[in-house]
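This report concerns only the one structure given below.
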Amino acid sequence: MPERNYLVTAELERLLAATKGSRNAARDRCLLLLTFRHGLRVSEACGLKRSQVDVANRVVHVSRLKGGLSTTQPLRPEEIRAIRAWLAIRRCGERAGLPLPAYPHMLRHACGYALADQGADTRPIQDYLGHRNIQHAARYTAANPARFERLWG
């Protein structure tokens, strides 16, 4: 008999309940719930962007990978509550008075620009951030005029 590769409803409920009290409870519960309810692959859940989640219209735009059919699916009330709970935590940028909406990936870019501002060359930034293509790291150093200071020195 093949080994079972899915959770039954009671197990899923226990998994969701286990997020309570954890450091990232709202995020973890939201992602687990959306992953289950919308049948997301791990890569689809990790790649889910805020722009794909339309709380006002109660839908999520699911971009399927591996050649799958992308769809727009309804969000249930429990999912809306989970999303709102998570978004409340992500409003740090608003409370800080930032001039633009902040999202987690901005910190990755901020890291690249900060390294360039400290004088790091493109190759070490590429390695540090794990970019396979140097062009992805070049954006950080290209925006920094200080890169020319050591020329003609």
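Here the structure is a predicted model, which is why all the values come from computation and not from measurement.
When all heavy atoms of R108 and L129 are compared, the pair lying nearest together is NH2-O, 2.7 Å. Nearest heavy-atom pair across S70 and S63 is OG-CA, 3.4 Å.
You'll find the side chain of H38 reaches within 4.5 Å of the side chain of E79, heavy atoms only.
In this structure, CG in L31 is found 9.0 Å from CG in L40, a value given to the nearest 0.5 Å. Taking CH2 of W86 as the start and CG of N24 as the end, the distance is 9.5 Å to the nearest 0.5 Å. Considering CZ of R29 and CG of L15, their distance stands at 10.5 Å, rounded to 0.5 Å. Rounding to the nearest 0.5 angstrom, the gap separating the CG atom in D28 from the CG atom in L33 is 12.5 Å. Distance check: R14 CZ to E11 CD gives 6.0 Å after rounding to the nearest 0.5 Å.
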Exercise. Do L34 and I83 pass the side chain to side chain contact (heavy atoms under 4.5 Å, CB included) test, and can you show the C-alpha distance, the side-chain angles, and the key distance before you say yes or no?
Worked result: CA-CA 9 Å; L34 291 176; I83 291 166; 4.3 Å; yes

For this session: List the steps and the verdict of side chain to side chain contact (heavy atoms under 4.5 Å, CB included) for H61 and V59.
Result: CA-CA 7 Å; H61 305 284; V59 294; 4.1 Å; yes

For this session: Given side chain to side chain contact (heavy atoms under 4.5 Å, CB included), test R139 with Y113 step by step and report yes or no.
Result: CA-CA 8 Å; R139 69 190 300 179; Y113 286 112; 3.9 Å; yes

For this session: Check the pair V55 / I80 against side chain to side chain contact (heavy atoms under 4.5 Å, CB included), numbers first and verdict last.
Result: CA-CA 7 Å; V55 175; I80 296 287; 4.1 Å; yes

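Under the 3.5 Å distance criterion, the side-chain polar atoms of D121 are left unmatched by any main-chain donor or acceptor of R123.
Of the charged side-chain nitrogens involved, at least one lies within less than 4.0 Å of a carboxylate oxygen, so that R37 and E78 count as a salt-bridged pair.
Side-chain contact of H131 with Q126: a donor-acceptor pair under 3.5 Å is absent, judged by distance alone.
Shown here are the side chain to side chain contact (heavy atoms under 4.5 Å, CB included) partners of A116, two or more places apart in sequence or in another chain: I125, Y140, T141, N144.
L75 and L87 fall within a single hydrophobic cluster, where Ile, Leu, Val, Met, Phe, Trp and Tyr are joined by side-chain heavy atoms under 4.5 Å apart, directly or via other members.
When the shell of 6.0 Å around CZ of R4 is examined, it contains more than 12 heavy atoms from other residues, nucleotides or ligands.
Residue pairs meeting the salt bridge (charged side-chain N to carboxylate O under 4.0 Å, His left out) criterion with at least one partner in residues 44-56, sequence neighbours excluded, are R41-E44, E44-R64.
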